[in-house]
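Notes follow the structure.
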Amino acid sequence: MDKFRMLFQHFQSSSESVMNGVCLLLAVVTVKLYSSFDFNCPCLERYNALYGLGLLLTPPLALFLCGLLANRQSVVLVEEWRRPPGHRRKDPGIIRYMCSSVLQRALAAPLVWVLLALLDGKCFVCAFSNSVDPGKFQDLANMTPSQMQLFLAKVPCKEDELVKDSPARKAVSRYLRCLSQAIGWSVTLLLIVLAFLARCLRPCFDQTVFLQRRYWSNYVDLEQKLFDETCCEHARDFAHRCVLHFFASMQSEMRARALRWEGHARG
Amino acid sequence: MDKFRMLFQHFQSSSESVMNGVCLLLAVVTVKLYSSFDFNCPCLERYNALYGLGLLLTPPLALFLCGLLANRQSVVLVEEWRRPPGHRRKDPGIIRYMCSSVLQRALAAPLVWVLLALLDGKCFVCAFSNSVDPGKFQDLANMTPSQMQLFLAKVPCKEDELVKDSPARKAVSRYLRCLSQAIGWSVTLLLIVLAFLARCLRPCFDQTVFLQRRYWSNYVDLEQKLFDETCCEHARDFAHRCVLHFFASMQSEMRARALRWEGHARG
Amino acid sequence: MDKFRMLFQHFQSSSESVMNGVCLLLAVVTVKLYSSFDFNCPCLERYNALYGLGLLLTPPLALFLCGLLANRQSVVLVEEWRRPPGHRRKDPGIIRYMCSSVLQRALAAPLVWVLLALLDGKCFVCAFSNSVDPGKFQDLANMTPSQMQLFLAKVPCKEDELVKDSPARKAVSRYLRCLSQAIGWSVTLLLIVLAFLARCLRPCFDQTVFLQRRYWSNYVDLEQKLFDETCCEHARDFAHRCVLHFFASMQSEMRARALRWEGHARG
C-alpha cells in the first residue's frame with residue numbers, strides 16, 4: 001500500500017507524465033480499435049464516398065474529443081480561464097501554454113487513426129474508387145460509361161460476382177492503395193518535421209518565458225488537486241465530529257431516560 | 001492485510017473513484033458479454049424485427065438497472081431525500097447533483113452495449129432486413145413481392161440454402177451493416193460532443209455552486225459510512241460488555257451455588 | 001515500489017542507458033513496422049520508381065526525426081548551445097560530443113529500415129524493374145520496346161495476368177533481388193567496420209578529453225532534470241500553503257459569522 005501511495009504521489013507530482021501515459025494509451029486503443037473494426041464498403045455508387053470519408057474522419061473527431069475529455073488539464077485550463085482574478089495575476093501566456101499542451105495530446109490518437117487508415121488504404125479505395133480517371137487503365141477502355149460507374153463502385157468488394165478475378169479491378173485497387181499510402185507517408189513525414197522543428201528549435205527562442213509558463217501551469221494543476229484533497233479531509237473531519245456528537249447525545253439521553261426510569265421504579 | 005486495509009480506506013475516502021471503477025468494470029463486462037453472446041437470427045418474417053430490436057434494447061435496460069444497483073450513491077441519494085430535516089438544510093441542488101452523477105455512471109454500460117451492437121451490425125441487419133427498400137438493388141428486380149419478403153427475411157442467415165452465395169443477399173447485408181455503423185458512429189460522436197460540452201463548459205458557469213454541491217455530496221456519503229462504522233463499534237462495545245457481564249454474573253452465581261452446595265454438604 | 005523508484009532513479013541518473021533503450025525500442029518498432037507493412041507496387045510505368053524509392057527513403061527520414069525527437073539529449077543539446085554563457089565556460093567540444101551521440105542513436109532505426117528493405121528486395125524490384133538492361137535476358141529479345149516497358153512495369157506484380165508464370169518475369173525479379181541483397185550486405189559490412197574502427201581505435205587518441213566531454217555532457221543533462229524536479233517541489237509547497245491559508249480564513253470567517261449569529265440570538 002505504501003508502494004501504491006508513493007506511485008500515486010509520483011503521478012500526482014508530475015501530472016505531465018500521466019497525461020503522456022493517457023495519450024499513449026488512447027493511441028494504443030486506437031490501433032486496437034482500428035484493427036478490430038470490421039470495415040465493409042457498401043459498394044453502392046452513392047454511398048461509397050460517404051462511408052469511406054465518414055470512416056476516415058468521424059472516428060478521429062470522436063477520438064479528439066475523447067482526448068480532451070480524458071485530459072484533466074483541459075478542465076483545469078477552462079477553470080483557470082474563468083477564475084476570479086484574486087491576488088495571482090492572470091497571464092494569457094499560461095492559458096496559451098496549457099491550451100497548446102492539451103491540444104497536442106488530444107491530437108495524437110486521431111492522427112494515429114487517420115494515418116493507419118491511409119496506410120491501410122481500405123477507406124481510401126472505398127471513398128475514391130468512383131472518382132478514378134479511367135483513361136489510366138487500358139483494361140477499362142471497352143466499357144460504356146454506366147457500366148464503368150457500376151464497375152468502379154464494385155472495386156472495393158473483391159468478393160462480388162461482377163469483379164471477381166478481374167485484372168482491371170486489381171489494377172484500380174492497386175493504384176488507389178498506392179496513392180493512399182503515398183499520402184499517408186507524406187502526412188507522417190510532414191507531422192514529424194513539424195514536431196521536430198517545434199521541439200528542437202524552441203530553446204532557441206524565449207526559453208525563460210517557456211520555463212515560467214510551465215512552472216505556473218504545474219502550479220495551477222497542483223493547487224486544484226490539493227484543494228480537492230483538503231476538501232475531502234475537511235468533510236471527513238466534520239462528519240466524524242457530527243457522528244460522535246450524535247452518539248454522545250444519544251448516550252446522555254439514554255442515561256437521562258435510565259435515571260427517570262429508575263425514579264419511576266423507586267417512586 | 002495492512003496494505004489491503006489501507007487500500008480499502010483510500011477507496012472509502014474517495015468514493016467517486018470507486019464508482020468510476022465500478023462503472024468501468026460494468027462496461028468491460030458488457031463488452032465481454034456481447035462478444036461471447038451467440039447471436040442467431042430466427043430468419044422468420046414475423047420474428048426478425050422482434051428478436052433484433054429485443055437484443056438491441058433489453059440487455060441495456062438490465063445493465064442500466066445493474067448500474068443503479070451497483071452504485072452505493074443511489075442508496076445514499078434516496079436516504080438523503082427522505083431524511084428528517086434536522087440542523088443541516090436540505091438542498092434540492094445536492095440531490096440533483098447526486099442524481100445526475102448516479103445516472104451518468106449507470107448509463108455507461110448500456111450505451112456500450114448499444115454502440116457495440118450498432119457497430120457490429122448483426123442486430124440491425126436482423127431487425128430491419130424486411131424493411132429495406134428493394135428499389136435500391138438491381139438484383140432484386142425480378143422477384144414477386146411474396147418471394148421478396150421471404151428472401152429479405154433470410155438475409156441475416158448467410159448459411160441458408162435459399163440465399164447461399166447470392167450476390168443480392170450480400171448487397172442487402174452490406175447496405176444494412178453500413179447504415180448500422182453510420183448510426184453507431186453518429187451516436188458515439190453525439191454522446192462525446194455532449195460529454196465534452198458538459199465537462200469543459202461547466203467551469204464557465206456556476207463553478208462555486210458546483211464545488212459546494214460536490215463537497216456536500218461527498219459529506220453525505222462520508223457521514224453515512226462513519227455512522228455505519230461507529231454503529232458497528234458501538235454494538236461491539238455493548239455486546240462485549242454484555243458478554244463480560246454475563247460471565248461475571250455466571251461466576252458469581254457459580255460461587256454462590258458452590259457456597260450453598262458446601263453449606264448443604266456441611267449441613 | 002522502492003524497486004520501481006530505484007529503477008526510475010537509475011534511469012534518471014544514467015540518461016545514456018535510457019537513450020540506448022529508446023534507440024533499441026525504435027529499432028524493434030521499425031522491424032515490426034516493416035514486417036506488418038503491406039507493400040503493394042502499383043505496377044504502372046510512371047509510378048513504380050516513385051513508390052519504390054519513396055518507400056525505401058521516406059520512412060527512414062521519418063524514423064530519423066523520430067529518433068531525434070525521442071532523444072531527450074537533442075533538446076538538452078540545443079539548450080546548451082543557446083544558453084547565456086554564465087560562469088561555466090561554453091565548450092564547443094561538449095556540443096560536438098552530444099551532437100555525435102544524438103546522431104548515432106537517431107541513425108539506428110533508419111538504417112535498420114533501409115537494410116531490411118534492401119535484404120528483402122521488394123522495394124528495390126519495384127523501383128528499378130523499368131531500368132533493367134533488357135540485353136541481359138534472352139527471354140526478352142523478341143518484344144517491341146513498348147511491350148517491353150509494359151512487361152517490365154508488371155514484373156513486381158506476380159499475380160498479374162500478363163506476367164503470370166512467365167519465366168522472363170522470374171529471371172528479372174531474381175536478378176534485381178540479388179542485386180538488392182548484395183547492396184544490403186555491403187552496406188551492413190561497411191557500417192560494422194566503421195563502428196568497429198570508431199569504437200576500438202578511439203582510446204588510442206585523446207582519451208582524457210573524451211572522458212571530460214562525457215562527464216560534462218552528463219552534467220548538463222542532470223542539472224536540467226534536478227531543476228525540473230525542484231520546480232515541481234517548489235510549486236507543490238506553494239500550493240499547499242495557499243490552500244491551507246484559504247481554509248484557515250474560511251474557518252475564521254465562519255467563526256465570526258457564528259458569533260454574530262449568537263449575538264442576534266441573544267439580542
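All of these numbers come straight from a predicted model, not from anything done at the bench. Protein chains get the first letters and strands the later ones, always in sequence-line order, with residue 1 at the start of each. As a basis for the values below, the full set of heavy atoms in this structure was taken, side chains included, without hydrogen atoms, waters or symmetry mates.
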Under the side-chain hydrogen bond (donor to acceptor under 3.5 Å, both in side chains) test, residues paired with A/N71 that sit two or more places apart: none
Options A/S74, A/C242, A/A62, A/A239, ranked by heavy-atom pairs under 4.5 Å with chain B, top entry: A/A239
Within-4.5 Å side-chain heavy-atom neighbours: A/D228 and B/R214: yes
Part of A/Q251 within contact of chain B (heavy atom distance under 4.5 Å): side chain
Spacing of CG belonging to A/L63 relative to CG belonging to B/L189, to within rounding of 0.5 Å: 10.0 Å
B/V220, part contacting chain A, at a heavy-atom distance under 4.5 Å: neither
Pair listing, side chain to side chain donor-acceptor pair (under 3.5 Å) test, anchored in residues 182-196 of chain B, at least two apart: none
Under 4.5 Å from any heavy atom of chain B - which part of A/Y51: side chain
Proximal component of A/L44, with respect to chain B [non-hydrogen, under 4.5 Å]: side chain
Atom pair CG/CD1 of A/L61 and B/I192 - distance to nearest 0.5 Å: 8.5 Å
A/N40 side, atom CG; B/R174 side, atom CZ - distance, nearest 0.5 Å: 8.0 Å
Any donor-acceptor N or O pair under 3.5 Å, side chains B/Y215, A/H234: yes
Atom NZ of A/K90 with >12 non-hydrogen neighbours under 6.0 angstrom: yes
Distance, nearest 0.5 Å, that separates CD of A/E79 from CG of B/L211: 6.5 Å
Interface residue of largest heavy-atom contact number with chain A, from B/L176, B/D120, B/L226, B/L179, under 4.5 Å: B/L226
Value rounded to 0.5 Å, distance of NZ in B/K170 from SG in A/C157: 10.0 Å
Aromatic ring pairing A/F247/B/F227, orientation class (parallel under 30°, perpendicular over 60°, tilted between): tilted
Segment of B/A182 engaging chain A (4.5 angstrom heavy-atom cut-off): neither
Interchain contact, B/Q224 with chain A, by part (heavy-atom threshold 4.5 Å): neither
Side chains of B/N218 and A/C231 in contact at under 4.5 Å (non-hydrogen atoms): no
Heavy-atom check, side chain of A/F64 versus side chain of B/F196, under 4.5 Å: no
Pairs of heavy atoms under 4.5 Å with chain B: top-ranked of A/F238, A/W81, A/F246: A/F238
Flag side-chain contact, heavy atom, 4.5 Å: A/H240 against B/T230: no
Which atoms of A/L50 approach chain B - backbone, side chain, both or neither, heavy atom under 4.5 Å: neither
